K.L.:
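Just dropping this structure here.
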Amino acid sequence: MEKLKYALFTGCTAKESTPEQMMATLAVANKLGIELVELTEASCCGASHLQDYDDFLSLVLNARNIAYAEKHGLTMVTICNTCQLNTAMTKHRLDHNAELKAKVNAKLSEVGLEYKGTSQITHFLYAIIDDFGLDKIKEMVVKPLSQFNIAPFYGCHNIRPSELQNETHKGHENPYKPTSLDDLIIACGGASVDYEEKNKCCGFHAELQAPRTAAILTGNAVAGAMDANADWMVTPCPLCHLKLDTQTHHASVAIGREVSLPVLHMQQMVGLALGCTSAELGLNHHVTKVNFV
Amino acid sequence: MDTIKSKQVTFKVFRFNEETDYLPYYNTYTLDVTHEEVVLDILNRIKWDHDGSLSYRRSCRHGICGVCSIKANGKGILACKTRLFDLVETFGSEITLEPLSIKRAIKDLIIDKKDFWDKHAQVQPFLVSDIEEHPAQEHLVSPHDAEKLLEADYCIQCGACHYSCPALAINEEFIGPAAFAAAYRFSADVRDEASLERLHVVNEEAQGVWDCVKCMECAEVCPKEVNPIEKITKLHNMVFEANIAKNNVATRHAVGFAHSIEKHGLLDEGELVRYSEGNIGVLKHVPVALKMFAKGKIVLPWNMPKADKLDEIKKLVKSSSTVKF
Ligand code: SF4
Ligand code: SF4
Ligand code: SF4
Ligand code: SF4
Ligand code: FES
């Protein structure tokens with residue numbers, strides 16, 4: 001197989017509050033022989049909030065990020081669900097609206113760039129499942145996670161709205177019964193746990209504005225995973241990770257029950273199965289201690 | 001290969017009668033279903049062949065009246081539009097049929113939708129316009145102006161989004177996706193004169209657009225592709241454009257992204273929280289911040305990473321900004 005190569009849009013979180021996610025992404029890409037060209041020029045995608053304030057500015061900035069991936073002639077790979085949604089949504093809107101695309105390009109031309117629409121955008125989860133292949137991952141597993149019940153937490157912005165998501169990656173994932181992360185858990189040798197909240201929202205985006213709502217959603221998710229006998233949770237989204245890993249105290253108070261589970265980034269889980277060390281995967285950067293390695 | 005004409009499906013149907021039952025229960029029926037049958041056909045068959053007391057709403061049978069919406073394995077659907085074979089493809093051959101809201105069940109699949117209509121009433125879901133009694137000519141809306149509604153007028157008030165919204169399930173004050181879509185539908189109408197009043201309603205904390213958690217479920221579940229979250233984003237924009245955005249944690253949180261991007265290209269996470277919450281409000285985040293700091297999860301201001309070619313980003317933020325706060 002030809003070596004897989006992507007333009008990596010890291011987003012901000014991987015550079016700030018989830019450094020372990022960046023480490024694990026690079027470690028796993030290295031193990032799998034996937035080449036990642038980091039888009040160091042990229043700006044923040046606006047995290048689904050900038051567009052509430054200034055939709056056009058959000059479009060221009062996201063189009064600029066994609067334009068850099070296009071310059072490399074590569075598919076853009078994201079490692080944050082919300083980055084994925086914002087970037088894919090921008091692409092969808094520009095590719096389906098010539099007038100808007102022209103308006104955005106008029107701005108980009110001020111800095112010598114153009115959005116063409118030539119790069120695809122996919123999340124790293126789908127890059128390794130669809131492009132690299134689960135079977136190949138399975139073959140490479142050296143330390144299967146066979147002792148663990150693992151609760152997948154998909155995060156909204158990778159699975160909804162499915163019409164958009166399935167256009168930009170080959171997930172063909174049904175948001176009411178997503179399977180990708182479950183399949184990945186199984187490929188890594190673990191047992192995937194079914195629970196009601198696995199495709200629900202963790203509340204991250206309303207954490208400051210609606211703290212009670214956000215805390216209850218997180219509490220419900222962790223409680224759901226605990227009640228289904230999960231040893232730990234896994235998520236493809238650093239924002240979900242932040243919420244589930246660092247906010248369980250508020251969540252416990254909000255739902256009136258002590259809840260807490262270790263939460264791994266999807267890359268960390270794959271990395272463990274592939275034999276990466278916990279230092280390479282940054283497992284010491286978690287607030288909720290990863291107590292099993 | 002022959003196309004499969006029928007499949008055996010087990011239905012678990014929610015039963016409850018407010019007048020005689022303390023607790024709900026489920027009845028199970030195993031039926032052969034054909035590829036053209038929709039959920040409503042099954043409900044009819046159960047009622048006609050097995051249990052005449054099963055209650056559910058239906059009227060148009062064409063996805064127009066919106067009364068037949070229920071949940072199948074947790075997914076909001078129109079019973080008259082949803083083919084069984086599609087459900088089986090997603091969920092397998094065990095299908096659980098429940099009312100849109102178990103909390104609001106009156107009899108079996110029928111719920112009391114009062115809260116849904118109350119939320120609508122809050123946003124004046126009608127055209128407010130001073131129209132002459134004897135106009136000299138028609139009041140025409142150009143196709144271009146009609147497009148501004150973004151098909152929000154396709155809503156059939158089925159309630160599928162409303163009863164799937166996680167923000168609303170927790171925060172009863174929240175107006176919810178369907179009523180927000182209605183607020184947008186009439187406020188975006190060129191003939192309407194109550195836009196500002198509606199924007200004030202959706203701009204309130206707790207009930208307004210700021211409490212949406214952006215889960216995208218309303219866009220996913222809507223059988224009419226109304227895409228309520230898109231309208232919610234529009235309402236946010238209209239609040240800023242109308243210059244009625246309050247200076248609070250929610251608005252500063254949205255605006256803070258623009259500031260941060262202009263300065264670093266990237267989001268300064270710590271500064272966003274401080275700017276949004278204010279110097280006092282930020283204190284409540286200190287305990288978690290300390291724990292995060294201990295784990296190397298907080299970047300100190302002087303180590304804040306910056307995007308390459310920051311000059312480009314700064315220039316674009318200046319030239320492409322369309323609103324002020
Ligand atoms: S969603 Fe978050 S991580 Fe992704 S670019 Fe935006 S702020 Fe950064
Ligand atoms: S908070 Fe997590 S689960 Fe909710 S929308 Fe964001 S990524 Fe999705
Ligand atoms: S996106 Fe917002 S309004 Fe829509 S269902 Fe989710 S929380 Fe509710
Ligand atoms: S927006 Fe869609 S899902 Fe919500 S009430 Fe209207 S038609 Fe039903
Ligand atoms: S019966 Fe009218 S929409 Fe289903």
Side-chain angles (χ1 to χ4, degrees), chain A residues 12-13 15-19 40-44 46-57 59-61 64 85 107-108 110-113 156-157 159-163 174-177 196 200-201 203-206 208-210 212-214 216-217 242 246-247 249-250 284-287, chain B residues 73-75 90-91 166-167 170-171 174 205-206 209-217 219-220 227 233 236-237 240 249-251 253-255 257-258 260-261 265-267 269 273 276-277 287-288 291-292 295-299 304-305 307-309 312-313 315-317 319-323 325:
Chain A
C12 319
T13 314
K15 303 221 154 224
E16 298 178 52
S17 51
T18 58
T40 51
E41 310 88 349
S43 73
C44 170
S48 84
H49 297 289
L50 179 62
Q51 77 245 41
D52 288 345
Y53 172 52
D54 194 334
D55 185 54
F56 184 66
L57 176 60
L59 278 175
V60 170
L61 291 171
R64 176 178 170 277
L85 176 69
K107 291 295 170 194
L108 290 182
E110 292 172 10
V111 293
L113 290 169
C156 316
H157 292 171
I159 56 176
R160 284 183 289 267
S162 55
E163 223 182 281
N174 189 315
Y176 295 99
K177 205 175 193 319
E196 199 189 312
K200 301 285 185 309
C201 182
F204 177 88
H205 299 282
L208 301 184
Q209 311 90 302
R212 182 172 157 266
T213 302
I216 291 177
L217 288 174
L242 275 173
T246 72
Q247 298 286 334
H249 172 69
H250 294 308
N284 54 331
H285 283 292
H286 293 213
V287 166
Chain B
N73 293 32
K75 173 186 182 185
T90 308
F91 298 113
I170 293 171
N171 166 11
F174 190 55
E205 277 170 273
V209 286
W210 306 102
D211 280 53
C212 162
V213 297
K214 307 195 180 235
C215 70
M216 305 284 146
E217 173 62 12
E220 187 65 39
N227 198 352
T233 304
H236 278 110
N237 295 156
F240 281 111
V249 58
T251 52
H253 182 248
V255 178
F257 275 87
S260 201
I261 293 172
L266 303 174
L267 176 68
E269 297 171 331
V273 177
S276 308
E277 294 280 18
V288 172
K291 284 190 215 164
M292 289 175 67
K295 299 292 179 182
K297 284 178 155 313
I298 302 250
V299 172
M304 179 58 207
D308 285 355
K309 308 219 168 124
E312 279 181 23
I313 297 171
K315 193 166 171 187
L316 287 174
V317 172
S319 79
S320 308
S321 290
T322 57
V323 266
F325 176 65

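Residue numbering restarts at 1 for every chain, and letters A, B, ... go by the order of the sequence lines. Since this is a predicted model, take the numbers as computed values, not measurements. The figures here come from the full heavy-atom set of this structure, side chains too, leaving out hydrogens, waters and symmetry mates.
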K.L.:
When only pairs under 4.5 Å are counted, which of K177(A), E16(A), K107(A), H250(A) shares the most heavy-atom pairs with chain B?
P.N.:
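Sorted descending by pairs with chain B, the first entry is E16(A).
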K.L.:
For a quick test of reading the model, state the closest non-hydrogen atom pair linking Q209(A) to W210(B) and the distance between them.
P.N.:
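Closest heavy-atom pair between Q209(A) and W210(B): CB-O, 3.7 Å.
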K.L.:
Say you draw a straight line from CG of D308(B) to OG of S43(A); how long is it, rounded to the nearest 0.5 Å?
P.N.:
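It comes to 12.0 Å.
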K.L.:
Let's go through V317(B) and L57(A) carefully: what are the C-alpha distance in whole Å and the side-chain angles of both, what is the deciding distance for side chain to side chain contact (heavy atoms under 4.5 Å, CB included) to 0.1 Å, and is it a yes or a no?
P.N.:
CA-CA 7 Å; V317(B) 172; L57(A) 176 60; 4.3 Å; yes
K.L.:
Among the options G74(B), A258(B), P287(B), A206(B), pick out the one with the most heavy-atom pairs lying under 4.5 Å from chain A.
P.N.:
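So the answer, after comparing G74(B), A258(B), P287(B), A206(B), is A258(B).
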K.L.:
With a 4.5 Å cut-off on side-chain heavy atoms, are I313(B) and L61(A) touching?
P.N.:
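They are in side-chain contact.
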K.L.:
Would you sort out whether K315(B) and E110(A) count as a salt bridge (charged side-chain N to carboxylate O under 4.0 Å, His left out), showing the intermediate values?
P.N.:
CA-CA 8 Å; K315(B) 193 166 171 187; E110(A) 292 172 10; 5.6 Å; no
K.L.:
Heavy-atom pairs under 4.5 Å with chain A are the metric here; pick the option from V209(B), D211(B), T322(B), N227(B) that has the most.
P.N.:
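Winner by heavy-atom pair count: T322(B).
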K.L.:
Tell me, side chain or backbone of S276(B) under 4.5 Å from chain A's heavy atoms, or both, or neither?
P.N.:
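The side chain, not the backbone.
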K.L.:
Is there side-chain contact between K214(B) and D52(A), with at least one heavy-atom pair below 4.5 Å?
P.N.:
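Yes - at least one pair of side-chain heavy atoms lies under 4.5 Å apart.
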K.L.:
What part of H286(A) gets within 4.5 angstrom of chain B, counting heavy atoms only: side chain, backbone, both, or neither?
P.N.:
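When you check distances to chain B, only backbone atoms of H286(A) fall under 4.5 Å.
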K.L.:
When rounded to the nearest 0.5 angstrom, what distance separates CD in E220(B) from CG in N174(A)?
P.N.:
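The CG atom of N174(A) is 7.5 Å from CD of E220(B), to the nearest 0.5 Å.
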K.L.:
Sort out for me which of D54(A), T18(A), V60(A), L242(A) touches chain B most, counting heavy-atom pairs under 4.5 Å.
P.N.:
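Highest number of heavy-atom pairs under 4.5 Å: D54(A).
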K.L.:
Name the member of N171(B), T90(B), N73(B) that forms the most heavy-atom pairs with chain A at distances under 4.5 Å.
P.N.:
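Counting heavy-atom pairs under 4.5 Å, the top option is T90(B).
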K.L.:
What part of L217(A) lies closer than 4.5 angstrom to a heavy atom of chain B: side chain, backbone, both or neither?
P.N.:
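For L217(A), the contact with chain B is made by backbone and side chain together.
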K.L.:
With sequence neighbours excluded, tell me which residues meet salt bridge (Lys or Arg N to Asp or Glu O under 4.0 Å) with E205(B).
P.N.:
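Result, salt bridge (Lys or Arg N to Asp or Glu O under 4.0 Å) vs E205(B): none returned.
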K.L.:
Would you confirm whether H205(A), through its side chain, and V213(B), through its main-chain N or O, come within 3.5 Å as a donor-acceptor pair?
P.N.:
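Between the backbone of V213(B) and the side chain of H205(A) there is no qualifying donor-acceptor contact (under 3.5 Å).
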K.L.:
Report yes if the side chains of E312(B) and E41(A) come closer than 4.5 Å at any heavy-atom pair, otherwise no.
P.N.:
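Not touching, per the 4.5 Å side-chain cut-off.
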K.L.:
Should the pair H253(B) and H49(A) be assigned to parallel (<30°), tilted (30 to 60°) or perpendicular (>60°) ring geometry?
P.N.:
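Rings of H253(B) and H49(A): perpendicular, over 60°.
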K.L.:
Examine whether an atom of P19(A) lies under 4.5 Å from a heavy atom of chain B, and if so say whether it belongs to the side chain, the backbone or both; otherwise answer neither.
P.N.:
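Contact with chain B: side chain only.
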K.L.:
List in chain and number order the residues that pass salt bridge (Lys or Arg N to Asp or Glu O under 4.0 Å) with E217(B), two or more places apart in sequence or in another chain; answer none if no residue qualifies.
P.N.:
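R160(A).
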K.L.:
Measure distances from N284(A) to the heavy atoms of chain B and classify the residue's part below 4.5 Å as side chain, backbone, both or neither.
P.N.:
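Interface part for N284(A): backbone (N, CA, C, O).
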K.L.:
Just how far is it from atom SG of C12(A) to atom CD1 of I261(B), taken to the nearest 0.5 Å?
P.N.:
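Answer for the SG-CD1 pair, C12(A) versus I261(B), is 7.0 Å.
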K.L.:
Which answer fits L85(A), side chain, backbone, both or neither, if we ask what part of it has an atom under 4.5 Å from a heavy atom of chain B?
P.N.:
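Answer is side chain: those atoms of L85(A) sit under 4.5 Å from chain B.
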K.L.:
Can you name the closest pair of heavy atoms from A307(B) and A42(A) and give their distance?
P.N.:
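For A307(B) and A42(A), the tightest heavy-atom pair comes out as CB-O, 3.3 Å.
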K.L.:
Taking every heavy-atom pair that is under 4.5 Å apart, which of V273(B), V255(B), T251(B) has the most such pairs with chain A?
P.N.:
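Between V273(B), V255(B), T251(B), the count favours V255(B).
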K.L.:
Any side-chain heavy atom of K200(A) within less than 4.5 Å of one from C215(B)?
P.N.:
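With C-beta onward as the side chain, the pair stays apart.
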K.L.:
Between M216(B), K297(B), H236(B), which residue shows the highest count of heavy-atom pairs closer than 4.5 Å to chain A?
P.N.:
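Ranked by contacts with chain A, first place is K297(B).
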K.L.:
Before you tell me yes or no, could you show the steps for H249(A) and V288(B) under side chain to side chain contact (heavy atoms under 4.5 Å, CB included), namely the whole-Å CA-CA distance, both residues' side-chain angles and the distance that decides it to 0.1 Å?
P.N.:
CA-CA 9 Å; H249(A) 172 69; V288(B) 172; 6.0 Å; no
K.L.:
Please classify the contact of E196(A) with chain B as side chain, backbone, both or neither, using a heavy-atom distance under 4.5 Å.
P.N.:
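Contact with chain B is absent: no heavy atom of E196(A) under 4.5 Å.
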K.L.:
Quick one: pull up OG in S17(A) and CE in M292(B) and give me the separation to the nearest 0.5 Å.
P.N.:
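Interatomic distance, S17(A) OG to M292(B) CE, rounded to 0.5 Å: 5.0 Å.
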K.L.:
Shortest non-hydrogen contact from S320(B) to F56(A)?
P.N.:
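That would be O-CD2, 3.4 Å.
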K.L.:
Are any non-hydrogen side-chain atoms of F257(B) and Y53(A) less than 4.5 angstrom apart?
P.N.:
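Counting from C-beta outward, F257(B) and Y53(A) never come under 4.5 Å.
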K.L.:
Go through V299(B), I298(B), L316(B), V249(B) and name the one with the most non-hydrogen pairs under 4.5 angstrom from chain A.
P.N.:
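Result: the option with the highest number of such pairs is L316(B).
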K.L.:
Taking N237(B) for its side chain and Q51(A) for its backbone only, find out whether a donor-acceptor pair lies under 3.5 Å.
P.N.:
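Checked: pair present.
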K.L.:
Side chain from CB out, backbone as N, CA, C, O: work out which of these in F174(B) comes under 4.5 Å of a heavy atom of chain A, or both, or neither.
P.N.:
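When you check distances to chain A, no heavy atom of F174(B) falls under 4.5 Å.
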K.L.:
Check whether any side-chain N or O of K291(B) sits under 3.5 Å from a backbone N or O of T246(A) as a donor-acceptor pair, and report yes or no.
P.N.:
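No.
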K.L.:
I'd like to verify something: which residue of I216(A), L59(A), L208(A), D55(A) has the highest number of heavy-atom pairs under 4.5 Å with chain B?
P.N.:
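The candidate making the most pairs under 4.5 Å is L208(A).
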